Trainee: 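Below is a structure I'd like to ask you about.
In what follows, every heavy atom counts, from backbone to side chain, and hydrogens, waters and symmetry copies are set aside. Every value quoted in this text rests on a predicted model; they were computed, and no experiment measured them.
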Amino acid sequence: MASTDLKTIRVDFRPGVDKTSTRYKAEGTWYDADKVRFRSGVPENIRGWEKQTVSPLIGKARDILTWADNAGNSLIALGTECKLYVVKGGALYDITPIDHTVSIVDGINTTSNSVRVVVSAVHGITGAHNYVVFTSQGTTVGGNIYLNGDYFVSVINANSFAVDTSVSAVATSAGAGGQLTIGVEIACGTSLATYGFGYGTGPYGMSTYGTPRTTSNVVLDMRQWSLDTWGQDLMACIRGGRLYHWDSSIGVSARATIVNNAPTQNNFIKVSPEDRHLISFGGTDVITSVFDPHVVQWCDTEDYNTWIPTVTNAAGSFRIDGGNELIAACRGARQINFFSDDTAHAMTYVGPPYTFGFSQLGGVCGIIAPHACTEFNSKIYWMSTHNFHVYDGQVKTIPCTLLKYVFDDINLVQKDKIYVGTNKEFGEIIWLYCSSSSNDIDRYVIYNTTDGSWVNGTFNWTVWADQTIFDNVIVVGSDSYIRNMDVDDLYTGDGLRYESMIETADFDIADGGDMVFWDRIIPDFDIDGTIQLFVTSKKYPGGSEITKGPYSITDSTAKIDFRQRGRQVRMRLSTSATPAGVRWQLGALRFNLGPDGSR
């Protein structure tokens with residue numbers, strides 16, 4: 001067939017990726033993508049990222065908060081399984097709470113040519129993973145060892161523990177160091193949710209008494225944090241643990257301290273900004289001291305240390321029905337939306353004598369994870385165990401062309417790691433999650449609130465903070481480095497090339513009755529650099545494929561000539577093998593094609 005027998009037609013694909021069914025069923029759409037977004041209905045590559053700090057966090061970040069203090073300093077708070085951090089002026093500061101302190105005199109022991117230092121003290125360290133911070137060491141020990149700062153602990157027994165220093169001692173010493181104060185930090189949690197196989201995890205009569213089970217449906221939670229601001233200060237909570245307060249006016253040398261009168265266990269916290277109440281969702285009842293996963297409790301107005309209600313304060317509590325436990329909360333325009341694993345609720349400030357009014361918004365729409373909900377443009381968006389939802393005055397299910405793709409390949413044991421973020425510049429909601437083959441974040445889906453489209457891809461960011469305080473999005477990778485993300489005019493990842501890719505679904509002529517012959521694509525790109533094009537054809541949906549390419553496209557490429565036949569055809573755009581720093585946005589493509597018989 002000659003090119004003169006073909007027609008040049010413009011082909012427009014609907015915005016978003018559609019994996020609802022097969023490539024053939026999704027005709028007219030895009031079928032796969034990575035590191036691509038849709039703007040004004042057309043795809044472009046997501047901008048790049050760069051490391052913000054030179055050192056990684058200890059542990060993996062599970063919550064992030066950005067805010068500004070009264071002096072205008074931009075701050076970042078981060079919680080990992082072991083640490084609580086603040087970033088100020090680009091520097092990383094450890095503000096992990098101190099559980100207790102130990103004071104010793106001449107209790108430091110070193111061995112020549114060894115980095116191991118043994119501390120003789122009744123230390124009270126009970127956790128398997130702990131850090132200690134040394135202050136006020138009187139004298140140098142081992143000829144060159146001066147303990148100052150943070151160290152990981154190896155417990156020897158109740159009367160001694162060891163730490164490893166960065167240099168070897170030049171001499172052996174015993175009972176040295178003078179007077180020394182040691183702060184024992186709160187114990188580390190775990191970064192991985194695991195199955196429990198202990199007593200009680202299986203049905204009655206399973207296996208023999210007193211032996212561990214071999215199967216289980218009991219998941220042991222990983223360490224989670226919830227963070228919020230109290231004015232210019234930070235409030236932090238370990239799930240199932242205590243509340244902590246960090247006073248920003250003291251400075252970055254100060255550690256977060258325990259809120260003594262607050263509930264001793266809390267699932268999640270949120271501050272009500274209009275009336276300044278610190279709210280605990282699921283926790284130990286401050287009156288009965290019994291843990292209740294359905295209770296909502298709040299402190300007195302402007303007083304996070306007063307929790308027991310009296311006739312003269314505004315502290316209080318309310319018990320919720322629905323679900324197994326309260327998991328998460330998000331601030332909306334005029335209320336706080338909160339969730340159990342099965343239900344959605346709202347609480348609104350109503351003033352004395354009740355302080356808050358409560359309502360259940362819906363059932364079978366609970367939340368999948370503590371950080372799976374967010375507010376955007378006065379609407380609340382969240383992910384449940386089977387769907388995506390929005391509350392805009394009523395609970396609605398968001399139509400999702402990637403629903404099957406996400407929930408058929410998700411690691412539900414690690415569902416607590418799911419993290420949602422917003423990107424106000426592009427009107428996007430992004431959910432980060434673990435695929436079924438990964439124990440940490442490796443995928444994302446983005447919902448475009450402007451056109452309702454969805455797009456998938458791969459990232460290993462564990463937390464995400466929108467550009468409300470900083471000039472760009474802030475993320476932390478699974479390698480624990482803090483990064484600036486989606487940076488203006490940056491199209492490399494940590495200085496290296498990253499692949500952006502998008503591929504169409506299959507398309508045909510006359511519902512596939514005729515073979516398609518095409519021999520030319522006229523590209524339309526706004527591009528800096530080079531992108532590669534691949535074209536694929538096949539005779540039948542389940543048949544073998546023939547792929548041609550790559551064909552390089554730059555801003556000066558007028559046309560791409562090739563010869564290809566098949567009942568179904570598709571194209572793929574990729575930067576996997578192009579020089580780093582490519583920026584591209586697709587315009588309107590034109591194809592030279594036509595029917596080529598039914599053979």
Trainee: Would you say Gln232's side chain and Gly72's backbone share a donor-acceptor pair under 3.5 angstrom?
Mentor: no

Trainee: Is the backbone N or O of Leu326 less than 3.5 Å from a side-chain atom of Asn267, with the two atoms forming a donor-acceptor pair by type?
Mentor: yes

Trainee: Please evaluate residues Tyr433 and Asn411 with respect to the criterion side-chain hydrogen bond (donor to acceptor under 3.5 Å, both in side chains), reporting the C-alpha separation (whole Å), side-chain torsions for both, the decisive distance (0.1 Å), and the verdict.
Mentor: CA-CA 8 Å; Tyr433 69 99; Asn411 187 342; over 6 Å; no

Trainee: Please tell me whether Trp307 and Trp298 form a close aromatic pair, meaning their ring centres lie under 6.0 Å apart.
Mentor: no

Trainee: Using 0.5 Å steps for rounding, measure from the CG atom of Asn472 to the CD atom of Glu425.
Mentor: 10.0 Å

Trainee: Relative to Phe459, does Arg443 satisfy both conditions: NZ or CZ under 6.0 angstrom from the six-membered ring centre, and within 45 degrees of the ring's axis?
Mentor: no

Trainee: At their closest point, which heavy atom of Pro56 faces which heavy atom of Leu92, and how far apart are they?
Mentor: O-CD2, 4.4 Å

Trainee: Rounded to the nearest 0.5 Å, how far does CG of Asn423 lie from CD1 of Ile446?
Mentor: 7.5 Å

Trainee: Just how far is it from atom CG of Asp440 to atom OG of Ser478, taken to the nearest 0.5 Å?
Mentor: 5.5 Å

Trainee: Please verify the inter-ring angle class for His345 with Phe338; under 30° counts as parallel, over 60° as perpendicular, anything in between as tilted.
Mentor: parallel

Trainee: How close do Val102 and Ala121 get, heavy atom to heavy atom, and via which atoms?
Mentor: CG1-CB, 3.9 Å

Trainee: Is it the case that atom NZ in Lys379 sees more than 12 heavy atoms from other parts of the structure closer than 6.0 Å?
Mentor: no

Trainee: Between the main-chain N or O of Asn448 and the side-chain N or O of Ser453, is there a donor-acceptor pair closer than 3.5 Å?
Mentor: no

Trainee: Taking all non-hydrogen atoms of both residues into account, name the closest pair between Cys330 and Ile380 and its distance.
Mentor: CB-CD1, 4.2 Å

Trainee: Please list, one pair per line, the donor and acceptor atoms closer than 3.5 Å that link side chains of residues 80-90 to other protein atoms, with sequence neighbours excluded.
Mentor:
{"residue": "Thr80", "atom": "OG1", "partner": "Ile58", "partner atom": "O", "Å": "2.7"}
{"residue": "Thr80", "atom": "OG1", "partner": "Cys82", "partner atom": "N", "Å": "3.1"}
{"residue": "Thr80", "atom": "OG1", "partner": "Lys83", "partner atom": "N", "Å": "2.9"}
{"residue": "Glu81", "atom": "OE1", "partner": "Lys60", "partner atom": "N", "Å": "2.8"}
{"residue": "Lys83", "atom": "NZ", "partner": "Asp94", "partner atom": "OD2", "Å": "2.7"}
{"residue": "Lys83", "atom": "NZ", "partner": "Asp150", "partner atom": "OD1", "Å": "3.3"}
{"residue": "Lys83", "atom": "NZ", "partner": "Asp150", "partner atom": "OD2", "Å": "2.1"}
{"residue": "Lys83", "atom": "NZ", "partner": "Glu185", "partner atom": "OE1", "Å": "2.8"}
{"residue": "Lys83", "atom": "NZ", "partner": "Glu185", "partner atom": "OE2", "Å": "3.1"}
{"residue": "Tyr85", "atom": "OH", "partner": "Ile58", "partner atom": "N", "Å": "2.9"}

Trainee: Would you give the length of the straight line joining atom CZ of Arg331 to atom CG of Asn337, rounded to the nearest 0.5 angstrom?
Mentor: 12.0 Å

Trainee: Can you tell me how far apart CZ (Arg62) and CG (Leu78) are? Round to the nearest 0.5 Å.
Mentor: 12.0 Å

Trainee: Could you walk me through whether Thr301 and Asp275 pass the side-chain hydrogen bond (donor to acceptor under 3.5 Å, both in side chains) check?
Mentor: CA-CA 6 Å; Thr301 306; Asp275 40 284; 5.9 Å; no

Trainee: Taking everything shown except Asp471 itself, do over 12 heavy atoms lie less than 6.0 Å from its CG?
Mentor: no

Trainee: State whether the side chain of His123 and the backbone N or O of Ile125 hold a donor-acceptor pair below 3.5 Å, judged by distance alone.
Mentor: yes

Trainee: Verify whether one side chain among Ser435 and Ser438 offers a donor that lies under 3.5 Å from an acceptor in the other.
Mentor: no

Trainee: Using the ring of each side chain (for Trp, its six-membered ring), is Tyr304 parallel, tilted or perpendicular to His245, with breaks at 30° and 60°?
Mentor: tilted

Trainee: With distance as the sole test, does Trp67 use its side chain to make a donor-acceptor pair with the main-chain N or O of Trp230 at under 3.5 Å?
Mentor: no

Trainee: Would you check if the side chain of Asp409 reaches a backbone N or O of Ser436 as a donor-acceptor pair within less than 3.5 Å?
Mentor: yes

Trainee: Could I get the full list of side chain to side chain donor-acceptor pair (under 3.5 Å) partners for Asn159, not counting sequence neighbours?
Mentor: none

Trainee: With a 3.5 Å distance limit and no angle check, can you tell me whether Lys415 reaches the backbone of Thr385 through a side-chain donor-acceptor pair?
Mentor: no

Trainee: Can you confirm whether Phe152 is buried at CZ, in the sense that more than 12 heavy atoms of other residues, nucleotides or ligands lie under 6.0 Å from that atom?
Mentor: yes

Trainee: How long is the gap from CG on Asp228 to CZ on Phe268, to the nearest 0.5 Å?
Mentor: 8.5 Å

Trainee: If every non-hydrogen atom of Arg223 is compared with every non-hydrogen atom of Ala187, which pair is closest and at what distance?
Mentor: NH2-O, 3.0 Å

Trainee: Asp233 side chain to Ser248 main-chain N or O, any donor-acceptor pair under 3.5 Å?
Mentor: yes

Trainee: When you measure from the side chain of Asn266 to the backbone N and O of Gly240, does any donor-acceptor pair fall under 3.5 Å?
Mentor: no

Trainee: Can you name the one residue among Trp382, Phe388, Trp454 that meets ring pair (Phe, Tyr, Trp, His ring centres under 6.0 Å) with Tyr447?
Mentor: Trp454

Trainee: Within the structure provided, determine whether Thr422 and Ile429 are in side-chain contact (heavy-atom separation under 4.5 Å).
Mentor: yes

Trainee: Donor-acceptor check, side chain of His294 to backbone of Gly323, threshold 3.5 angstrom: yes or no?
Mentor: yes

Trainee: For residues 301-326, which residue pairs pass the salt bridge (Lys or Arg N to Asp or Glu O under 4.0 Å) check, not counting sequence neighbours?
Mentor: Arg276-Glu302, Asp292-Arg319, Arg319-Asp321

Trainee: Taking the side chain as every heavy atom from C-beta outward, state whether Trp461 and Val476 have any atom pair closer than 4.5 Å.
Mentor: no

Trainee: If you take all heavy atoms of Thr66 and Ile76, which pair is closest and at what distance?
Mentor: CG2-CG1, 4.1 Å

Trainee: What's the verdict on side-chain hydrogen bond (donor to acceptor under 3.5 Å, both in side chains) for Thr310 and Thr312, showing C-alpha distance, side-chain angles and the deciding distance?
Mentor: CA-CA 5 Å; Thr310 69; Thr312 59; 3.1 Å; yes

Trainee: Parallel under 30°, tilted from 30 to 60°, perpendicular over 60°: which one fits the rings of Trp225 and Tyr244?
Mentor: tilted

Trainee: Would you please classify the geometry between the Tyr349 ring and the Phe356 ring as parallel, tilted or perpendicular, with 30° and 60° separating the classes?
Mentor: perpendicular

